[in-house]
Amino acid sequence: MGEFFVNPYAFVPLPPEAPQRGAPHGHRGNPALLTGKLAVSIEALTPLLIRGFGSDDSPELPTRPDGTAFIPGSSWKGAIRSLHETMTGSCIRVFDDEFLPSYRDPVEWSKGRLMAVVTAAPQDDRPPEVELCQPGDPSKDRLTAAELHGINAHHPLLSGTRFTRKDGEFRRDPNGEWVLFLSDTRDDDGPYHGHLRKLSGKTAEVPQEIWDRFRKLVQDADDQRPAEKKAQGGKPIKPVTVRRKSKNGTEKVFNVGNRDIASAKLRKHQPVWVKWGPNRGITDLGLAMAWRHPGEHPAGERVREFGPCTSDRELCPSCRLFGSADLSGKPDDPVTADLAMQRSYRGHVRFGDALADAVVKPEPFTLPPLGVPRPGAGQFYLHNDGFEGKTTSGQDQPLREWGSEADQEKPRELRGRKYYWHTTRFNGREKARPHQVARPDQEENKMVSKAVAFPVGTRLTATITFTDIDRAQLGGLLAALLPGRAIQSEGLLQHIGGGRPLGFGSCRITLVEGEMWTNGSRYCSASAKPPVDAEQLLAEFRNAQPESHRKILWPQVVEVLRPDAVDPAKVWYPPGAPWAQRGSEKFDAGFAFWKQTSGYGEYPLSSLPQVDPSAERGYELPLVIEEIPQQKGRS
């Protein structure tokens with residue numbers, strides 16, 4: 001097969017021109033505008049996943065009281081609108097312009113951090129107070145996993161437990177001056193240590209700005225992922241289990257104690273890490289010796305004029321057709337600056353439920369863990385022109401980060417709109433692997449979930465109604481439903497439902513029939529309601545689009561919608577082992593890839609391939625094999 005893989009998603013770049021914003025038609029029944037309906041058929045070419053029905057242990061397909069399986073209109077309207085936004089160069093409707101990622105500190109940045117213990121827990125917005133510890137020796141002031149396991153077996157340990165030190169040996173003592181810090185194990189194979197530091201008796205207040213920064217950073221911690229929080233069951237602490245394989249292949253398990261989950265709800269006696277100076281006080285607060293730092297230049301600064309429409313009088317083509325909801329409350333008029341404003345616009349299109357044409361037998365799946373999107377991975381999500389193949393020193397941020405050296409002259413732009421490749425056959429990534437369900441005590445395995453899907457070949461029929469739109473707008477709606485006919489490239493597919501990173505939801509939509517009439521002829525005879533001439537309307541839509549859309553943007557749309565753009569056998573999130581080990585835990589561990597493409601230290605920045613219809617290698621990236629870990633402990 002070759003040691004290459006294809007990332008499950010790519011980006012269609014934003015067009016050079018800003019969205020063509022203008023006043024919408026309104027809803028006053030202009031006699032020249034069109035009203036009507038379309039009937040479409042949806043065929044599932046890969047299993048189609050609609051979640052949220054039934055229970056976690058017993059999921060169900062959505063069904064009506066008479067037993068007919070269906071796809072809610074809201075579940076497929078979003079997919080159609082998203083494609084319409086791309087084809088018309090409209091705004092990015094679902095977008096957080098204030099989003100700013102955070103990053104784990106390189107180990108080199110941990111120098112100078114002191115352990116501290118919370119003496120007064122935070123209340124409301126008030127920051128905590130802490131007692132500082134003395135600087136320690138990371139190579140000596142620590143306990144091994146085996147030592148912690150022995151202590152924990154008799155008296156359960158929690159990060160913050162007190163110890164005394166006598167003759168070089170640490171012993172548990174509730175009145176001791178030494179404080180134990182327990183971290184999560186992460187996924188390295190090196191030895192694990194619990195670090196201890198001696199209290200100094202010196203207290204300090206956490207400044208408000210440092211506390212506000214900490215609270216924002218903690219929101220990006222792994223423990224705050226929705227699936228992780230669900231797996232934790234609301235508990236404030238988590239057990240720390242260390243698993244290490246011996247030379248003969250047997251596995252040793254060390255239960256070393258419990259740690260606090262990453263949260264802004266710091267408790268009294270909880271150990272934290274700070275940067276402190278006698279003149280400046282506390283200048284940083286974190287939950288580990290090497291913790292997190294914020295990026296720079298939020299998402300709104302990286303999309304030019306493509307942020308969501310905010311005025312009901314100046315809307316992009318998609319917002320004029322599908323509607324717009326401005327939830328910012330930010331008025332344009334300074335006279336009304338003190339008033340909350342809400343300038344939404346009701347759309348002109350209604351999507352009905354898609355009803356199955358026949359009885360549907362649900363297809364069961366056990367899905368692997370799926371993380372949230374990580375836009376902070378700049379090697380994939382940002383344009384890196386001029387910095388590809390470059391690196392930075394250990395004193396600077398990796399080039400992949402938002403706010404690194406690569407953003408100093410001008411913030412790099414986001415790559416564009418994300419699309420998942422269509423792969424009309426599965427390759428194994430759609431199901432949980434044995435190692436993901438073998439140890440239910442692991443948090444990742446609690447994120448494995450059950451699901452049922454509409455099987456391949458399922459056909460459904462739906463009705464779309466539209467009111468008060470012009471011919472070009474109706475052509476645009478048809479184009480988003482029938483992209484192959486609009487762009488004159490047959491065979492293009494749509495994605496509907498969930499599980500797209502795993503290969504679910506590739507569908508073909510066809511127009512069954514349609515009728516339309518002008519508002520002025522609404523109460524005339526049936527002969528005044530002619531059938532929809534799709535080809536003529538699509539031609540009018542094409543003619544209304546800028547030439548750059550048709551010649552540059554649309555060929556890229558074709559590339560991400562065609563089913564043969566990539567080899568389906570090679571589509572996977574970055575693996576950590578050769579393809580021969582597919583299905584193993586090591587294969588699914590892609591940390592090495594992100595490290596070795598980050599533009600930091602010895603690893604040059606490496607980007608996701610650009611969507612290019614002339615690409616010869618099929619968007620392949622070389623596998624990055626997991627490095628043999630250095631024999632060092634975590635702190």
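Numbering starts at 1 and runs along the sequence shown. Source: prediction; values computed, not measured.
- When ring centroids are compared, Trp572 and Phe587 come within the 6.0 Å threshold.
- Taking the six-membered ring where the residue is Trp, His193 and His195 present perpendicular rings, their angle passing 60° and hence far from 30°.
- No hydrogens or angles considered: nothing links the side chains of Ser82 and Arg93 as a donor-acceptor pair under 3.5 Å.
- Counted by atom type alone, Gln556 and Tyr419 present zero donor-acceptor pairs between their side chains at under 3.5 Å.
- Within 6.0 Å of NE2 on His269 lie no more than 12 heavy atoms contributed by other residues, nucleotides or ligands.
- Evaluated for a side chain to side chain contact (heavy atoms under 4.5 Å, CB included) with Val117, the options Thr203, Val179, Val130 yield exactly one hit, Val179.
- Within 6.0 Å of CD in Glu547 there are 12 or fewer heavy atoms belonging to other residues, nucleotides or ligands.
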Would Trp421 and Val6 count as a side chain to side chain contact (heavy atoms under 4.5 Å, CB included) here? Give the steps. CA-CA 9 Å; Trp421 298 113; Val6 177; 3.8 Å; yes
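- Counting heavy atoms of neighbouring residues, nucleotides and ligands inside a 6.0 Å radius, atom CD of Glu205 does not exceed 12 of them.
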Show your reasoning for whether side chain to side chain contact (heavy atoms under 4.5 Å, CB included) applies to His293 and Gln397. CA-CA 10 Å; His293 60 278; Gln397 293 173 258; 4.0 Å; yes
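- Side chains of Ser159 and Asp260: no donor on one and acceptor on the other come within 3.5 Å.
- Going from atom CZ of Arg313 over to atom OH of Tyr345 covers 13.5 Å, rounded to the nearest 0.5 Å.
- With Trp402 as the aromatic partner, Arg302 meets the cation-pi criteria of under 6.0 angstrom to the ring centre and within 45 degrees of the ring axis.
- Between the side chain of Arg550 and the main chain of Gln545, a donor-acceptor pair closer than 3.5 Å is present.
- The neighbour count for Glu409 CD, taken as heavy atoms of other residues, nucleotides or ligands under 6.0 Å away, does not exceed 12.
- Counting all heavy atoms, side chain and backbone alike, Pro604 lies closest to Gly389 at CB-O, 3.3 Å.
- The shortest heavy-atom contact between Leu100 and Glu296 is CD1-C, 3.5 Å.
- The pair Arg113-Asp284 meets the salt-bridge criterion, with a side-chain N (NZ, NE, NH1 or NH2) lying under 4.0 Å from an Asp/Glu carboxylate O.
- Judged purely by atom type and a 3.5 angstrom limit, Arg429 uses its side chain to pair as donor or acceptor with the backbone of Pro501.
- For the pair Ser324 (side chain) and Ser344 (backbone), a donor-acceptor distance under 3.5 Å is absent.
- Screening Arg292, Arg213, Lys216 for a side chain to side chain donor-acceptor pair (under 3.5 Å) involving Ser102 leaves a single residue, Arg292.
- Taking the centre and axis of the six-membered ring of Phe5, the NZ or CZ atom of Lys570 falls outside the cone set by 45° and 6.0 Å.
- Under the 3.5 Å distance criterion, with hydrogens and angles disregarded, no donor-acceptor pair is assigned to the side chains of Gln379 and Ser598.
- Donor-acceptor pairing under 3.5 Å is lacking for the side chains of His297 and Asp407.
- Taking every heavy atom of both residues into account, Pro122 and Ala264 meet most closely at CG-O, 3.9 Å.
- Gln270 places a side-chain N or O within donor-acceptor distance of the main-chain N or O of Arg267, the cut-off being under 3.5 Å.
- Residues Thr597 and Ser606 bring no donor and acceptor atom of their side chains to less than 3.5 Å of each other.
- Arg142 places no side-chain N or O within 3.5 Å of a backbone atom of Tyr192 that could act as its donor or acceptor partner.
- Taking the centre of each ring, Tyr381 and Phe11 come in below the 6.0 Å mark.
- Taking the six-membered ring wherever Trp is involved, the centroid distance between the rings of Trp594 and Tyr573 does not fall below 6.0 Å.
- Here the closest heavy-atom approach between residue Leu315 and residue Pro24 is recorded as CD1-CG, 3.9 Å.
- A donor-acceptor pair under 3.5 Å is formed between the side chain of Asn384 and the backbone N or O of Gly378.
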